[in-house]
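What follows is a single structure, written as structure tokens, with notes after it.
Computed from a predicted model, the values in this text were never measured in an experiment. Heavy atoms only: backbone and side chains are in, while hydrogens, waters and symmetry mates are out.
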Amino acid sequence: MNILNHLNTAMEYIEENLCAELDLEEVAGRACVSADSFRRFFSYMTGMTLKEYVRRRRLTLAAEDIRLGQGRIVDLAVKYGYDSGAAFSRAFAKQHGLTPNEYRKYGGIIKIFPPASFHITIKGAKEMNFRIVELAETTIYGIAKEYEGQGYPDRETLRHMMWSEECENVPGKLAEGSWNQPGSKAYDGIWYGVWQDGKYLIGREENDIRKNRSKEEYHLPAGTYAAFQTEAGGLAWEEFPKLFELIFGSWLPTSGYTQKGDTIVEVYHLWTDKEERKKKRYYEVWVPVEKRAI
């Protein structure tokens with residue numbers, strides 16, 4: 001697999017020199033191909049030009065610098081290869097949907113791009129909706145089930161069984177009414193799926209739970225969470241495996257963060273009405289993190 005080693009050596013060189021003028025001949029030399037061959041291969045495999053990839057990676061790193069208060073906006077513009085603060089702000093807003101000053105002042109959801117690496121499949125170079133959440137301890141109520149040691153082939157099987165109306169229908173044991181009930185708002189809003197200590201819990205905050213239903217109390221730990229959001233309209237059983245792969249296969253190993261503890265929080269934004277749910281539902285994964293020790 002020497003070709004993969006050469007390609008990944010080239011990608012490591014790009015990553016180490018993101019803030020410098022990219023020397024395509026040097027990159028191609030490390031991949032043991034011509035500059036034109038590397039440019040064409042990269043575009044074919046990632047769906048973007050090398051120049052676009054570098055731009056997206058720079059703006060990903062710039063967003064992290066801004067969030068951490070690292071330097072003035074004009075200095076970051078120079079650091080990441082822009083001729084002016086205005087040009088940097090336009091590029092930042094085009095990728096992230098908000099200006100550097102807005103992000104520094106208010107925070108928000110941004111679009112990050114993990115580094116690309118070549119394997120049998122490509123890891124990274126996929127757009128991810130990302131934000132940092134500083135969460136106060138949050139109490140939710142729900143129903144949990146053991147996962148580890150219970151013979152389930154994978155986590156997706158347990159998740160499906162607990163959410164499905166045809167199986168255990170945990171939401172129906174917690175909320176008023178039922179899915180698709182005309183005029184009902186019983187299922188509108190936020191639901192949580194929490195993986196921790198070998199269990200999976202489906203729950204909501206207290207005001208959203210039917211008062212006379214049996215439920216467990218659970219405390220989401222306070223702390224810093226990396227939060228990743230899907231686009232609207234997808235199905236949970238399709239979206240969560242893809243999102244988990246991007247987070248733990250691409251983002252976390254290269255992010256400068258480590259996972260803190262074993263908690264993983266799935267956040268479901270749902271609607272009772274079927275048509276509304278199909279159009280508007282979206283999902284998040286929150287992972288408690290801390291900065292990796294240098």
Side-chain angles (χ1 to χ4, degrees), residues 14-15 18-19 46-49 51-82 84-117 123-135 190 223-234 239-240 242-260 264-269 280-292:
I14 292 171
E15 193 66 22
L18 273 175
C19 293
T46 65
M48 71 184 80
T49 66
K51 183 178 180 180
E52 176 69 5
Y53 169 79
V54 169
R55 184 187 69 81
R56 293 182 182 188
R57 284 293 300 139
R58 286 176 175 174
L59 291 171
T60 295
L61 297 182
E64 180 68 1
D65 283 350
I66 290 170
R67 191 186 71 79
L68 296 174
Q70 306 269 351
R72 300 180 304 164
I73 300 300
V74 67
D75 295 329
L76 293 177
V78 173
K79 176 180 178 180
Y80 290 105
Y82 291 87
S84 67
F88 173 65
S89 293
R90 286 194 298 272
F92 191 94
K94 183 178 179 182
Q95 175 160 316
H96 297 301
L98 69 174
T99 68
N101 283 322
E102 289 170 337
Y103 185 55
R104 173 162 283 173
K105 187 173 182 180
Y106 304 112
I109 296 174
I110 58 173
K111 295 187 182 295
I112 62 170
F113 286 82
S117 58
K123 291 186 176 182
K126 300 290 185 183
E127 181 176 283
M128 303 174 74
N129 295 315
F130 167 83
R131 62 192 168 110
I132 289 290
V133 175
E134 296 297 340
L135 186 70
I190 296 175
T224 301
Y225 287 72
F228 303 83
Q229 179 181 310
T230 70
E231 301 298 333
E239 297 292 342
F240 278 121
K242 293 188 291 186
L243 198 52
F244 273 58
E245 173 60 28
L246 284 171
I247 294 168
F248 294 99
S250 296
W251 180 80
L252 192 61
T254 60
S255 65
Y257 289 93
T258 57
Q259 184 178 359
K260 186 176 181 180
I264 301 174
V265 183
E266 301 169 352
V267 184
Y268 297 70
H269 300 261
K280 295 181 179 179
R281 65 189 169 204
Y282 66 95
Y283 316 100
E284 297 179 276
V285 172
W286 295 3
V287 182
V289 294
E290 57 189 356
K291 292 295 288 186
R292 184 177 290 120

Inset, instruction - Return the orientation label for the Tyr283 and Phe240 ring planes: parallel under 30°, perpendicular over 60°, tilted otherwise. - result: tilted

Using modelled atom types only, decide if a donor and an acceptor are shared between the side chain of [X] and the backbone of [Y] within a distance under 3.5 Å.
X     : Y      : result
Thr60 : Phe113 : yes
His96 : Leu59  : yes
Arg57 : Leu18  : no

Give a yes-or-no answer on whether the side chains of [X] and [Y] include a donor-acceptor pair shorter than 3.5 Å.
X      : Y      : value
Gln70  : Asp75  : no
Glu239 : Thr230 : no
Tyr268 : Glu266 : yes

Inset, instruction - Using ring pair (Phe, Tyr, Trp, His ring centres under 6.0 Å) as the criterion, point out the one residue from Tyr103, Trp286, Phe228 that pairs with Phe130. - result: Phe228

Legend entry - Working for salt bridge (charged side-chain N to carboxylate O under 4.0 Å, His left out), residues Arg67 and Glu64: CA-CA 5 Å; Arg67 191 186 71 79; Glu64 180 68 1; 3.4 Å; yes

Inset, instruction - For residues Arg131 and Glu284, determine if any side-chain heavy atom of one lies less than 4.5 Å from a side-chain heavy atom of the other. - result: yes

Inset, instruction - Taking all non-hydrogen atoms of both residues into account, name the closest pair between Leu76 and Ala62 and its distance. - result: CD1-O, 4.5 Å

Legend entry - Trp251 ring center near Tyr257 ring center (under 6.0 Å): yes

Inset, instruction - Taking the six-membered ring for Trp and the single ring otherwise, decide whether the centroids of Tyr82 and Phe92 are under 6.0 Å apart. - result: no

Inset, instruction - Evaluate whether atom NZ of Lys291 has more than 12 neighbouring non-hydrogen atoms of other residues, nucleotides or ligands under 6.0 angstrom away. - result: yes

Legend entry - Pair Arg281-Glu231, salt bridge (charged side-chain N to carboxylate O under 4.0 Å, His left out): steps then yes or no: CA-CA 9 Å; Arg281 65 189 169 204; Glu231 301 298 333; over 6 Å; no

Inset, instruction - Starting from the C-alpha separation in whole Å, work towards a yes-or-no answer on salt bridge (charged side-chain N to carboxylate O under 4.0 Å, His left out) for Glu245 and Lys242. - result: CA-CA 5 Å; Glu245 173 60 28; Lys242 293 188 291 186; over 6 Å; no

